[in-house]
Structures are given as C-alpha cells and as structure tokens.
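Comments concern the structure below.
Here is the naming used below: chain letters follow the sequence lines, and residue numbers restart at 1 for every chain.
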There are 2 protein chains.
Amino acid sequence: MVQTKAEAETLRVLEKKRSILDAASKTFREKGFHKTGMRDVAARVGMTVGNLYYYFRNKEDLLAFCQEETLGRLDTLVRRLDAESLPAADRLGRLIVGHVRCLNEGIPGTLAHLEIPGDGGADLRARRDRYEASLRRILREGVAEGSFVPCDEKVAAMAILGSVNWTVRWFRPDGPASADEIGRAFAGQLVRGLLKPELAAGIRPESWSAPIGPGPESTEVTS
Amino acid sequence: MVQTKAEAETLRVLEKKRSILDAASKTFREKGFHKTGMRDVAARVGMTVGNLYYYFRNKEDLLAFCQEETLGRLDTLVRRLDAESLPAADRLGRLIVGHVRCLNEGIPGTLAHLEIPGDGGADLRARRDRYEASLRRILREGVAEGSFVPCDEKVAAMAILGSVNWTVRWFRPDGPASADEIGRAFAGQLVRGLLKPELAAGIRPESWSAPIGPGPESTEVTS
DNA sequence: ATAGGATTTGAACCATGGTTCAAACCAAGG
DNA sequence: CCTTGGTTTGAACCATGGTTCAAATCCTAT
C-alpha cells in the first residue's frame with residue numbers, strides 16, 4: 001500500500017497543479033500573457049505568489065503546460081481522425097471544427113496557443129509542427145484523390161490555421177455563437193474553398209461536429 | 001519665406017520621426033513588441049535612448065504610429081476599391097491581396113497590427129472597426145447580389161481576417177513566395193469558399209493583384 | 001504527543017526596461 | 001563673438017514584476 005499512499009500524495013499535488021493551470025490559463029486569456037502577473041494567478045487560485053513556485057519553476061513553465069494541454073487535445077483529435085478513414089474533405093472539416101473547439105471551449109480554454117514559446121519550448125514547437133504536418137497531409141491527400149483543387153498545401157494550411165487560431169482573439173464564450181457553431185461555419189467556408197466546385201455543393205458541415213474528449217490522461221503535469 | 005524655413009525645420013524632424021518609426025517597426029516585427037526595448041530601437045536608428053523621447057512621448061506611441069501607418073494603407077485600399085464598382089467577388093479578392101501586401105510588403109512591414117492597442121488606442125480601434133465594417137459590407141453585398149452563398153457575414157469576415165492577419169506570424173520577405181503570391185493564393189481559396197459553387201470556376205486571382213500605394217500623405221506623424 | 005517532512009507564507013531581492021532630466025552641444029541670428 | 005533655442009547626451013531614476021528564501025505552519029507516521 002506504499003504505492004497507494006505515494007500516489008495519493010501525488011494526486012493531491014496534481015489537483016493543485018491543475019487548479020493553478022486553470023487559473024493561469026483563464027487569466028492569460030483574459031488579460032494576455034504579458035499583462036498577467038504571477039500575483040494575479042496566485043490571487044485567483046487563492047494562494048500566495050511564493051507558493052506558486054513550489055509547484056512550477058517559473059512563469060514560462062506555466063505557459064508551457066497550458067500549451068501542452070491544448071496540443072494534447074489537438075493530438076488526440078488528429079489521432080481520432082486518422083483512425084476512421086474518411087474522404088479528405090470530411091477529415092478537414094472535422095479537424096477545423098475540433099480545432100476551434102479545442103481552443104475555445106471548456107474550462108481551460110487556452111489562449112496560450114498564440115504566445116510564442118521561449119527557448120525552453122523546442123519540444124512544443126516540434127509538436128506544433130507535427131500537428132501542422134498532419135493538416136498538410138490531409139490537404140495533400142485531398143488534392144491527390146482529386147476532390148481538392150490543386151494548390152500549394154503549405155499556403156492553404158496557413159490560411160486555415162490563421163482562421164482558426166485567430167478565433168482566440170475575438171471569440172467569447174458568452175457571445176451569440178458557440179465555438180461549435182463558429183467551427184462549423186468556418187469549416188464549411190474553408191473546405192468549400194478547397195473543394196473542386198462540382199463537389200462543393202455536397203458538403204455537410206453539420207456532420208463535422210466531432211466530440212471533443214478532454215485532454216489525454218497521459219498529459220504529464222510533472223515539473 | 002518664414003513659412004519655408006519653418007517647414008524646412010519641420011521636414012527635418014519629420015524625416016527623423018519616420019526613420020525612428022521604420023526602425024521601431026522592423027524591430028517590433030523581428031523581436032516582437034514586448035521583447036523590443038527602447039534601447040534596441042535607438043541603437044538601430046543610431047541615436048541614444050533619451051533622444052527618442054524628444055520625438056515620441058513613449059513606447060506605446062511608437063506602436064500607435066506604426067499601426068496608424070498600416071491602417072492608413074488599408075484605408076486607401078478600401079477607398080480605391082469603392083471607387084471602381086466591381087462584383088463583390090472581385091472586390092473581396094482585391095481586398096485580400098491588398099491586405100496581405102499591406103501587412104507584409106515594403107520597408108515598414110508592420111507587425112504592429114497584431115498587438116492590441118492600449119488605452120490610448122481608442123481611435124485606432126475605431127479605424128480598425130471601420131475597416132472590418134467595410135469587409136463585412138462587401139460580404140453582405142455579395143450575398144445580396146446572389147454570387148455568395150448565404151452566410152453570416154460577421155463570422156465569414158473573421159475567418160478571412162484571421163487568415164490574412166496571421167500572415168505576419170509566419171511570412172518572411174526572403175521566403176520562397178512573395179506577399180503578392182501568398183495574397184493571390186489566399187484570395188483564390190477564400191473567395192472560392194464564399195462563392196456559389198456554380199460560379200467558383202470563373203474566378204481569376206491573378207487579376208486581383210492591385211497596386212499598393214504608399215500610405216496616404218495625410219498620415220500625420222505629429223505627436 | 002512529537003519529530004520530520006511537506007507545504008505555505010510574506011517579505012525582500014533584484015534585473016529589466018521604460019522614463020526623466022540637467023547639462024552639454026550645435027546650429028543660426030543679431 | 002555671443003546669445004538663443006532646438007537638439008542630443010548619458011546617467012540616473014524608479015516602478016514593475018518575476019523570483020528567492022528563511023521562517024512559520026500543517027500533516028502524517030511512529
């Protein structure tokens with residue numbers, strides 16, 4: 001039972017870390033990363049500044065874990081899409097809806113994706129690159145299978161990423177439209193922009209509203 | 001001739017201000033606004049820190065003028081488009097190409113458009129809103145004239161703005177593609193996403209490469 | 001209960017970087 | 001010349017905010 005005890009300890013700590021990350025994430029989103037002080041985050045969780053540093057090495061770490069969270073969700077999203085083999089248009093549509101939801105939905109809606117990771121974020125950059133590669137692959141396959149209009153998948157990918165990432169700049173949970181609705185609207189518009197005109201009439205953005213799982217359990221919150 | 005003398009004085013100052021703004025703009029773009037110090041800007045123009053404050057009140061002012069510069073270009077772009085009455089698809093295409101070029105082309109390619117203006121930037125926010133309103137109007141007219149698929153012009157506008165504004169995050173002048181090429185690719189993709197499928201085959205993004213004038217002379221660089 | 005480690009505190013530390021300022025400099029004009 | 005006002009300097013000022021730390025507190029095991 002030594003294991004259980006140790007794990008109980010760890011769980012307590014893990015929950016604390018998670019609550020801190022929640023507070024940090026929200027505050028980052030509300031005030032922006034630079035305008036957010038450690039003291040702000042501390043106040044939000046109801047602890048003191050110094051105590052934060054018992055759980056996280058520094059501010060950048062806080063940001064890094066937030067980004068990791070989001071990237072984790074995006075990862076599972078991609079993995080899930082790869083599992084079921086759908087035509088490129090549907091996969092892209094689902095990816096876009098899922099992406100918008102990952103960034104804007106749920107409690108720890110993370111703005112962090114916008115911030116540029118510091119030097120310590122080489123790992124994060126790599127994961128982000130991998131995600132972008134997945135997106136480009138979908139586009140390439142769409143062109144290959146003849147449903148997408150021929151185009152430079154790199155540029156097309158940036159257009160799509162711009163649209164979806166930009167949402168964190170203006171989307172508000174209490175606004176008139178939900179993240180899911182925004183996502184479907186975006187997906188319809190963006191997929192239609194890639195599809196060959198004769199196929200464009202057949203898309204059904206309503207069906208692209210994939211369920212978003214919480215981040216993978218495997219997300220390590222170990223500093 | 002007293003006027004001439006006074007104006008000569010002013011011109012000297014104006015040039016100095018412009019060179020400072022150039023340096024600031026470039027450095028902001030390279031290192032980001034927050035990572036850029038006044039000392040960096042000063043070093044770039046070849047003057048000392050304190051001297052900057054003889055020409056500009058503070059750092060935020062520097063940012064404000066950079067944004068004003070870009071907004072000025074976008075303004076003239078819109079005005080020019082309104083002059084010649086084209087179908088909505090062509091106007092939107094030209095707007096997109098022009099926007100991408102405004103943000104990424106030429107010497108003072110300004111990243112500032114991304115940064116969120118502080119309290120002093122109410123004026124800037126208003127101008128930006130006006131620009132976005134113009135974009136939405138084009139979309140609305142496109143829907144009205146029956147060439148665009150029915151959609152929420154507000155959401156569609158955000159998708160477009162996201163794509164084009166995001167370019168400042170990844171576009172590099174020495175990269176493989178020019179701002180104009182990127183702009184045309186974006187325009188093709190984004191316009192096609194809005195057009196009714198039966199019309200989508202007829203678009204010519206090549207023709208949307210509008211000439212970009214320098215910012216309007218009326219741009220006041222008076223602090 | 002009590003020792004020992006985990007946790008929390010609050011204050012202080014300190015680098016960064018925006019900003020100020022008085023003195024020096026450098027024209028032109030008288 | 002020498003005065004005047006626009007310009008430049010370099011150092012210092014100082015608030016902000018991330019970070020550290022020794023002491024206090026709490027929890028758990030023996």
- request: Figure out the CG/C1' separation between B/Asn51 and D/dG6, and round it to whole Å.
  value: 11 Å

Salt-bridge contact A/Asp82-A/Arg137 (side-chain N to carboxylate O under 4.0 Å): yes

- prompt: Can B/Lys35 and B/Glu30 be counted as an ion pair, charged N to O under 4.0 angstrom?
  reply: no

task: Among the candidates D/dT28, C/dT8, D/dG18, find the nucleotide nearest to the side-chain atoms of A/Lys59.
output: D/dG18

task: Can you figure out which of D/dT20, C/dT8, D/dT8 approaches the side chain of A/Tyr55 most closely?
output: C/dT8

message: Quick one, A/Val100 with A/Arg184, criterion side-chain contact (heavy atoms from CB on, under 4.5 Å). Give me CA distance, side-chain angles, the key distance, then yes/no.
response: CA-CA 9 Å; A/Val100 172; A/Arg184 288 201 304 269; over 6 Å; no

task: May I have the distance from A/Phe28 (atom CZ) to D/dG17 (atom P), rounded to whole angstrom?
output: 13 Å

query: Between D/dT7 and B/Tyr54, is there an OP1 or OP2 to side-chain N/O distance shorter than 4.0 Å?
result: yes

statement: Quick note, A/Met47 side chain, CB onward, closest among D/dG18, C/dT9, C/dA6 is C/dT9

Phosphate contact (D/dT20 OP1 or OP2) by A/Tyr53 side-chain N/O below 4.0 Å: no

- request: Would you mind classifying the nucleic acid contact of A/Gly50 as base, sugar-phosphate or nothing, using non-hydrogen atoms under 4.0 angstrom?
  value: base

- request: Establish, with yes or no, whether the OP1 or OP2 oxygen of C/dT7 is under 4.0 angstrom from a side-chain nitrogen or oxygen of A/Lys16.
  value: no

- prompt: Which of these, A/Val164, A/Thr70, A/Asn104, A/Val78, sits in a side-chain contact (heavy atoms from CB on, under 4.5 Å) with A/His99?
  reply: A/Val164

Separation of atom CZ in B/Phe33 from atom P in C/dG18, rounded to whole Å: 8 Å

message: Need one value for B/Lys35: base, sugar-phosphate or nothing, where a base atom within 4.0 Å counts as base even if backbone is also close, heavy atoms only.
response: nothing

query: For D/dG18, does either OP1 or OP2 sit under 4.0 Å from a side-chain N or O belonging to A/Asn58?
result: no

message: Which nucleotide wins on minimum distance to the side chain of A/Arg39, given the candidates D/dT19, D/dG6, C/dA6?
response: D/dT19

